[in-house]
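Since the structure is predicted, the reported quantities are computational estimates derived from the model, not experimental observations. Below, read A as the first sequence line, B as the second, and so on, with proteins coming before strands; counting in each chain starts at 1.
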Amino acid sequence: MKKKSPSAPKEIASRDSPIITLLSDFGVKDPYVASMKGVILSICRKARIVDITHDIAKFNILQGAYALDAAIPYFPPGSIHVAVVDPSVGTKRKALIVETKRSHLIGPDNGVLMLAGPREGIERVFEIRDRRYMLSNVSPTFHGRDVFCAVAAHLANGTPVDNFGPETNDYTGPGFAKPSLTDDQLSGEIIRVDDFGNIVTNITSKDLTEFGVTIGSTIGVAVGSVSRDIKFCRTYGDVDEGDHVALIGSTGFFEISVNRGNAASFYGAREGTRLRISRC
Amino acid sequence: MKKKSPSAPKEIASRDSPIITLLSDFGVKDPYVASMKGVILSICRKARIVDITHDIAKFNILQGAYALDAAIPYFPPGSIHVAVVDPSVGTKRKALIVETKRSHLIGPDNGVLMLAGPREGIERVFEIRDRRYMLSNVSPTFHGRDVFCAVAAHLANGTPVDNFGPETNDYTGPGFAKPSLTDDQLSGEIIRVDDFGNIVTNITSKDLTEFGVTIGSTIGVAVGSVSRDIKFCRTYGDVDEGDHVALIGSTGFFEISVNRGNAASFYGAREGTRLRISRC
Amino acid sequence: MKKKSPSAPKEIASRDSPIITLLSDFGVKDPYVASMKGVILSICRKARIVDITHDIAKFNILQGAYALDAAIPYFPPGSIHVAVVDPSVGTKRKALIVETKRSHLIGPDNGVLMLAGPREGIERVFEIRDRRYMLSNVSPTFHGRDVFCAVAAHLANGTPVDNFGPETNDYTGPGFAKPSLTDDQLSGEIIRVDDFGNIVTNITSKDLTEFGVTIGSTIGVAVGSVSRDIKFCRTYGDVDEGDHVALIGSTGFFEISVNRGNAASFYGAREGTRLRISRC
């Protein structure tokens, strides 16, 4: 792949209607998300704001990292993505802008940007320091509003990315377990139980191919203490209503589902639970 | 009414800022809805995206059909409405564009478009087949993102509606029970319990007039095994706090409510439950 | 402060992309919020619609007033804010436009606009009466859609604010208790339990300074029947995970929290509960 110049995303971002996406664990019951949007529109009136989700489990950095990584490949190059899962807000943790080949990611230095960043291809990382681009009163408990969204809006207005602070190579990586493969077992971890009760894991299509699992074969799946043989299919409707099905989900990961049912409640599955796959 | 030319909605849609609305049963906790919006903005940067709701009960096609039908009359002519309640995603069910006198409806061929479509006046129905207008990798589990939203964005860009696939007359109608009227009883079905606990039925103002019920009269209402005499009023505040009230709700259907309370928990009402009205 | 001319907000509002924010207790499961947005876009195609929140507790006017007041200072001058917590919809309660030094507030005359209004500086208050600016069929149960949003969109289009109805000085104030201060006790009320379980009170930074509490000091806090000594800090992370912390929250009010935990469940705190602060 031809390497893009580092300044490309910024130039695209500053055009007619720059896109700024927001992800947080704030929920939407409180006025917090709205005040972030107000800050953006006060600084960059023409910004297009899109919510990724604000329902990340409180303080769950990994879940935020996963959701960000799943959503942003579908956004246009030059988009600006703000992710605020920030349990250490107001302490000495850094505030970052990650410039990738496709976009800019803005958020705290705790790993929340570091699944999407490396996948998009990190060009440079900056530490946000210049107070000119923050609100004049920065609340120590709400950098999402007073720092991250203000910075995103200035970036969308065309402020050069190196104006916000110094480049840094010292940042936190993701706490993201990799699947492991032996002769008779492929094991991984549940990264997400989605709203349908589908169990999304960190095992990829490539991992399954290496392990020798093909569409139509039956596999043994063990989640926690529950084991079951399941057919590996293309889609939910390939099995009867109520039947279990394993497949590659729409975010590219191995998934366990019940057609029109809820797999997570059957397995008692939670994010972080380990699972093991064997051939039948 | 003068019949509009079939191409009218498309022309309106392709103007300055085409409106695309989204309805689904995906919830907003996961990155699914955001990735649909990313797809739309990647294809049609100027689109205005508005959420109808993403909290349709999982796989509840009828509830999705009702919500779509209730919301879209308030949107400008030429809007494009995408509705994805799609338990059979990835199987052989068709993908449709329904062209009506006012707008385009896009979604699976399972009835979810078929309350709004006939009410708006169906002009033509197309089966989506041309893969040029889908994402290059179509996930078998997420046509909302890879097919329906991509198609909506191309339509908003001005692609003629008959480019997407062949016209069809073979599509699924709605599973929508009609109220029935005898001399001493009007009976219908609960189509929605709203977030206030209001019980929304499929009985219309016209049905009540034919049955001889007028504002200010008291009627007998039986929901499941619970019966009660209720005053038929104009609005909630026409009865005291905590009192039961029957009225024509804002979506045009007969509704049972408790002023500042929750009627659904009193009656144990659920969607699909039958109800009977009698004169007192 | 130099007094702005009363017409300033309107002029700003009618420029390129007027901002209309929405707050309600409707939830987002039903098509109600979407139909409000459809009405706005049908009248004012260029409007930028931003949700404050639709998850105000049903009929909780004070909670709506607090959320509106917390969010709108971050929006640009000239924004139009619609707030619909309206248990008396369809009765004789008035419908208002409150013109402030910064913006226009639109909603029912029940106090929901009357925390934000006085803080922004009320210039004039109008009673909405002219039916030309409402939908042709006004549902007695949904003025949010048929009156308030229609009026907001016409105002955004540049309709002079005094066209909508007569000026009035007779409107409902907020039911908002003030904190009280004695020599050894500062007492106030819980105005909000946020989605993190943080307990937000009506006590301000200024109240605490007057009472002699400074950053780093320990204070006695009594919420209902639960008492505890807590450190008054700048941010959550100033105490260990699981420890209690008191601080000035991001909306400017005194707040009790548990670092990465849920304070509200510990104290059994609810909105409206009194609390008392003493020096240790």
Should we say atom NZ of C:K231 is surrounded by more than 12 heavy atoms from elsewhere, each under 6.0 Å from it? no
Using non-hydrogen atoms and a 4.5 Å limit, figure out which bit of A:R93 sits close to chain C: side chain, backbone, both or neither. neither
Which residue out of C:T235, C:I56, C:D55 racks up the most heavy-atom pairs below 4.5 Å with chain A? C:T235
How long is the span from the CD1 atom in C:I52 to the CG atom in A:D30, to the nearest 0.5 Å? 12.5 Å
Is it the side chain or the backbone of A:I43 that comes within 4.5 Å of chain C heavy atoms, both, or neither? neither
From CA spacing to verdict: side-chain contact (heavy atoms from CB on, under 4.5 Å), A:T141, C:Y236: CA-CA 7 Å; A:T141 63; C:Y236 310 116; 3.6 Å; yes
Contact summary for A:R45 and C:P18, nearest pair of heavy atoms: NH2-CA, 3.9 Å
Part of A:A47 within contact of chain C (heavy atom distance under 4.5 Å): backbone
Highest number of heavy-atom pairs under 4.5 Å with chain C among A:S88, A:G27, A:S139, A:P31 belongs to A:P31
Side chains of A:V28 and C:H54: does their closest heavy-atom pair fall under 4.5 Å? no
Can you confirm whether C:Q63 sits close enough to A:K29 that some side-chain heavy atom of one is under 4.5 Å from a side-chain heavy atom of the other? no
Part of C:D194 lying under 4.5 Å from any heavy atom of chain A: both
Donor-acceptor pair, distance only, cut-off 3.5 Å: does the side chain of C:R48 make one with the backbone of A:L41? no
Roughly how far apart are A:S35 OG and C:I72 CD1, rounded to 0.5 Å? 12.0 Å
Nearest heavy-atom contact between C:P76 and A:G38 is CD-O, 4.2 Å
Interatomic distance, NZ@A:K37 vs OG1@C:T21, rounded to 0.5 Å, equals 11.0 Å
Relative to chain A, which segment of C:L68 carries a heavy atom at a distance below 4.5 Å: side chain, backbone, both, or neither? neither
Smallest heavy-atom separation, C:G261 atom then A:F59 atom, equals N-CE1, 4.2 Å
I'd like to verify something: which residue of A:I49, A:D25, A:V33 has the highest number of heavy-atom pairs under 4.5 Å with chain C? A:D25
Within a radius of less than 6.0 Å around CZ of C:R270, do more than 12 heavy atoms belonging to other residues, nucleotides or ligands occur? no
Could you tell me if the side chain of C:D195 sits less than 4.5 Å from the side chain of A:Y32, heavy atoms only? no
